[in-house]
Amino acid sequence: MNSLASSLFYSNFTRPSRVFGYVIFCFLVLCGLGVKVQAEDDSVPVFPERPEILSTTSSEQPSIYIVEAETDAELLAKKLENQVEGVTLRKLFSTLYNGFSIEVPINKVDEVRDMPGVVSVDELAFYEPYVDESIPFIGGTSGETNSLFTREDDTLTGKGVQVAVIDTGVDYNHPDLKHSFQGGFDIVDQDDDPMETVKTQGMPTLHGTHVAGIISANGKLKGVAPEADIFAYRALGPSGMGTTEQVIEAIEKAVVDGAEVINLSLGNTVNGPDWPTSKALDKAVDKGVVAVTSNGNSGPSLWTVGSPGTSAKAISVGASTPPLSIPYLITDTNRHHETPVQQMQKASLWDMKRAYPIVDVGLGREEDYDELDVNNHIVLAKRGLISFTMKAKIAKEKGAKALIVYNHLPGEFAGRLEEPVDLPVVSIEKQEGERLAKQLETNDNEYIRTIYRKEEDQIAPFSSRGPVTHTWDVKPDIVAPGVHIDSTVPSGYLDLNGTSMAAPHVAGAVALIKQKYPEWTPDQVKAALMNTAKPLKDKKGKSHPPHVQGTGRIQIDEALSTETLVYPGQVSFGQWLRTDSRLEKHVTLTIENLSDKRKKYTVEPPFEAPDGIQWKVPFSTYVEPGEKKDVTVSIDVFPAVFEEGVYNGEIIVKEGTEEIRVPYIFFVEEPEYPRLMSFMFERVTAPDTYHYEVYLPGGADEMGIALYDPDTFRFISYLDMENDLHRGMFEKNIEVEGVPGGIYKALIFASKGNREDTIEQMIYLGD
């Protein structure tokens, strides 16, 4: 299946396995080809070592693909059905995406791809969905304290602006939403009732209702634009999963229905600019619709933005923190060292008021508690082998007061339990966890305390970073509050984290802008938000690069009162090699004067330009009231002078005391993007047959799946191996014989040039 599922962007959302025809966010893979378990001896490689590769097999198992047509999509679809054996047309798209979805045997895909008139063939992807105090914080409305007005001095509430929420549906009976809800459509069930999934239909959902509340709740809670009209499009079904087909159909229907703003708090892990959902959003923007989408919850690593957050023309939103009381841990023997923690979703809130003894429980498995008394203790466990949920349940069963999980890889992470557990659970960095574990080795009577500090405007660790592969575009465009956001859910209210919560803050802001400036284009709306955003810094006072924060955190009041627009709001000069000769690249900036006075603008490049680079900008530009003017900014580069890496900075457009920052980025040599991502693995109906999919952002010289024993980490066999793969989604069906049913450790690897990347994943074989 077009296997990157549209995913509700909760932070570090736990990905369930999917059945045939269902949707999934993360791509687990389990495929094989006559594998045998090897005996344990010293000659058997141990994870992550691998022996030489085996050959592969082909498959006639049908799967679903999205086909983009060069001209007449309907005519091309009929031609494919007539000329390629096994092709069946599923859905025809025409409003935004010139193409269709088909079911076709995997071994016929290349034949489809080679047909005249076919632009691209992409596998079906799966998606999941990725307040009150946060609204006045970003300069928005707040009940009767509203101080934002239209040009006619009417209060700005988003009144009359049509906002489409493409998500899991909306509980339109909620008292805070019943006045905002104006209709919609259920793409999943193909009817006019876009209600959230209820228990009788499968795993219930609540995500779309939470998103809608942030935009336009108008009751106990007030959304950013409390009088905007909400139209719900249920594209994600039970448990919050949906396909590329469903998301594109929802986007097309929303545009046909007259949406002025579209919010998509969903996505997959495919970092590619040409994924069908990203292309569809670009076309929606071309038709005058402002598209707002989550950037993803796979941070803090770079290159983690997923489609449709990779859409060049949409507003992609990362997550920052509103004003919060942040817990830090200290120990009695080292009270000067403070360890920041990340709250895990679906666990109890960390609200420790006194000191508690702490004990290290290894990996937090049942056997790790042998001979340990942890009653009324805080326990420390390393991430790995078993889920966060199991670690939490075992800790609670043993009488622990709370659980701290530290990372097994460098960097911080934000976790999420699969189900609620009545136990405080937090995560900390690998370095902090190892330091604490070592401290406990020498002091078995250590106590840990919690201190709380007021903080705001920090980038959420789960917020996905850019840039976009292949085009090297900067994403996100801006950030907005996405941590501990309280909003509506069916039958009540709930506090959630995620870029899913950040995007609707921006969608609500867009509704306010469209109410004040109904004639504005999507480019103008996007520029107003990006030009006036507040640049954010880390805790050491260093500015975040644009591929982490875009231009910064939105400030609605500033966006509504700006007198100048500059677009595009940020710029990528692309990539070049150190062996290239002197290069000159150009970018055109549009400066628009919204005031009633003639203005003089100057463009200032970075004053501290490194050796090997020269900027060329116009000295000054006069723009008449209500007019716009294009100016060219050029960068003259000697690539050989630069070290390999990513470079960024800011171009400043000035008028008097007003300054608008335009961040830029460029790359020297091939960027260090991941060579593979979005791995999915599932069983299909044929005996002993499994289907896997993996996205290769730049193609691969070599790609494969190695299988290991989960307990001894000894190599068992290769499930598959491929060579010389093109950029994009790769999928295949494989047979696995001779391997006992159970859970195994898989190492998925791909190499391109001189770099190899891997994904470690537990997979299940058997019925």
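In this model, no donor atom of one side chain and acceptor atom of the other lie less than 3.5 Å apart for Glu563 and Ser595. Donor-acceptor pairing under 3.5 Å is recorded for the side chains of Ser307 and Thr277. With hydrogens and angles left out, the side-chain atoms of Asp167 and Tyr233 include no donor and acceptor closer than 3.5 Å. Using a 3.5 Å distance cut-off with no hydrogens or angles, the side chains of Thr590 and Asp630 do pair a donor with an acceptor. Side-chain atoms of Tyr601 and Glu658 include no donor-acceptor pair closer than 3.5 Å.
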Derivation of the side chain to side chain contact (heavy atoms under 4.5 Å, CB included) call for Ile251 and Leu281: CA-CA 7 Å; Ile251 298 171; Leu281 269 196; 3.9 Å; yes
Side chain to side chain contact (heavy atoms under 4.5 Å, CB included) between Leu324 and Lys454, worked out: CA-CA 6 Å; Leu324 295 172; Lys454 289 288 185 181; over 6 Å; no
Criterion side-chain hydrogen bond (donor to acceptor under 3.5 Å, both in side chains) on Thr157 and Glu227, from CA distance to verdict: CA-CA 5 Å; Thr157 59; Glu227 292 189 314; 2.6 Å; yes
Stepwise side-chain hydrogen bond (donor to acceptor under 3.5 Å, both in side chains) check, Ser265 with Asn263: CA-CA 6 Å; Ser265 288; Asn263 186 91; 3.0 Å; yes
Verdict with supporting geometry, Thr488 and Asp171, side chain to side chain contact (heavy atoms under 4.5 Å, CB included): CA-CA 9 Å; Thr488 51; Asp171 178 9; over 6 Å; no
Tyr493 vs His174, ring-ring contact (aromatic ring centres under 6.0 Å, His included): CA-CA, chis, key distance, verdict: CA-CA 10 Å; Tyr493 306 89; His174 196 289; 5.2 Å; yes
From CA spacing to verdict: side chain to side chain contact (heavy atoms under 4.5 Å, CB included), Ile556, Ile554: CA-CA 6 Å; Ile556 301 176; Ile554 63 166; 4.2 Å; yes
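With contacts defined as side-chain heavy-atom distances shorter than 4.5 Å, the pair Tyr328/Glu455 qualifies. Between Arg661 and Thr551, some side-chain heavy-atom pair lies under the 4.5 Å cut-off. Side-chain atoms of Tyr97 and Lys279, non-hydrogen and from C-beta on, do get closer than 4.5 Å to each other. Using a 4.5 Å heavy-atom threshold, the side chains of Leu266 and Ile166 count as touching. Between Arg465 and Pro300, some side-chain heavy-atom pair lies under the 4.5 Å cut-off. You'll find the side chain of Tyr664 reaches within 4.5 Å of the side chain of Ile651, heavy atoms only. Taking the side chain as every heavy atom from C-beta outward, Val289 and Val261 never approach each other to under 4.5 Å. In this structure the side chain of Val292 never reaches within 4.5 angstrom of the side chain of Ile262, judged on heavy atoms.
Looking only at distances, a side-chain donor or acceptor of Asn593 sits under 3.5 Å from a matching main-chain atom of Lys597. Distance alone, capped at 3.5 Å, places no donor-acceptor pair between the Ser320 side chain and the Val479 backbone. With hydrogens and angles ignored, the 3.5 Å screen pairs no side-chain donor or acceptor of Glu659 with any backbone N or O of Gly656. The closest donor-acceptor contact from the side chain of Glu604 to the backbone of Ile652 lies at 3.5 Å or more, if one exists at all. Remark: side-chain polar atoms of His210 are not paired, donor with acceptor, to backbone N or O of Leu206 under 3.5 angstrom. For Ser464 (side chain) and Ser298 (main-chain N/O), a donor-acceptor pair under 3.5 Å exists by modelled atom type. Proximity of a side-chain donor or acceptor of Asn297 to a complementary backbone N or O of Thr499 within less than 3.5 Å is detected. The main-chain N or O of Met530 is never found under 3.5 Å from a side-chain atom of Gln570 such that the two would form a donor-acceptor pair. With hydrogens and angles disregarded, no donor-acceptor distance shorter than 3.5 Å links the side chain of Asn648 to the backbone of Ile665. No donor-acceptor distance shorter than 3.5 angstrom exists from the side chain of Thr310 to the backbone of Gly306, with no hydrogens or angles considered.
For Lys542, the NZ atom counts as loosely surrounded, since its 6.0 Å shell holds 12 or fewer non-hydrogen atoms of other residues, nucleotides or ligands. Within 6.0 Å of NZ on Lys346 lie more than 12 heavy atoms contributed by other residues, nucleotides or ligands.
In this structure, OG on Ser278 lies 9.5 Å from CG on Asn271, to the nearest 0.5 angstrom. If you take CG on Leu177 and OH on Tyr172, they are separated by 12.5 Å, rounding to the nearest 0.5 Å. Interatomic distance, OG1 of Thr197 versus CG of Leu236, reported as 9.0 Å (0.5 Å rounding). Between the OG1 atom in Thr205 and the CE atom in Met195 there is a gap of 10.0 Å [rounded to 0.5 Å]. Considering CD1 of Ile478 and CD of Gln555, their distance stands at 11.0 Å, rounded to 0.5 Å. Note that the CG atom of Leu264 and the OG atom of Ser294 stand 8.0 Å from one another [nearest 0.5 Å].
In terms of heavy atoms, Gly208 sits closest to Val170 at O-CG2, 3.8 Å. When every heavy atom of Val548 is checked against every heavy atom of Pro476, the shortest pair comes out as O-CG, 3.6 Å. Closest non-hydrogen pair, Gln343 versus Leu349, comes out as NE2-CA, 3.6 Å. Taking each heavy atom of Glu624 and Arg598 in turn, the nearest pair found is OE2-NE, 2.8 Å. When every heavy atom of Ser463 is checked against every heavy atom of Gly318, the shortest pair comes out as OG-CA, 3.4 Å. Of all heavy-atom pairs spanning Gly482 and Phe462, the tightest one is O-CZ, 3.5 Å.
Aromatic pair Phe666/Tyr647: ring centres closer than 6.0 Å.
A salt bridge does not link Lys629 with Glu592: every distance from a Lys NZ or Arg NE/NH1/NH2 to an Asp or Glu carboxylate oxygen is 4.0 Å or more. Using a 4.0 Å cut-off between charged nitrogen and carboxylate oxygen, Lys475 and Asp473 do not count as a salt-bridge pair. Ionic pairing of Arg234 and Glu196 is not present here: no N-O contact between side-chain nitrogen and carboxylate oxygen is shorter than 4.0 angstrom. Of the charged side-chain nitrogens involved, at least one lies within less than 4.0 Å of a carboxylate oxygen, so that Asp457 and Arg553 count as a salt-bridged pair. Look at Lys526 and Asp477 and you find a salt bridge, because one of the NZ, NE, NH1 or NH2 atoms lies within 4.0 Å of a carboxylate O, short of that distance.
In this pair, Trp615 and Phe573 present their aromatic rings perpendicular. The plane angle is above 60°, beyond the 30 to 60° band.
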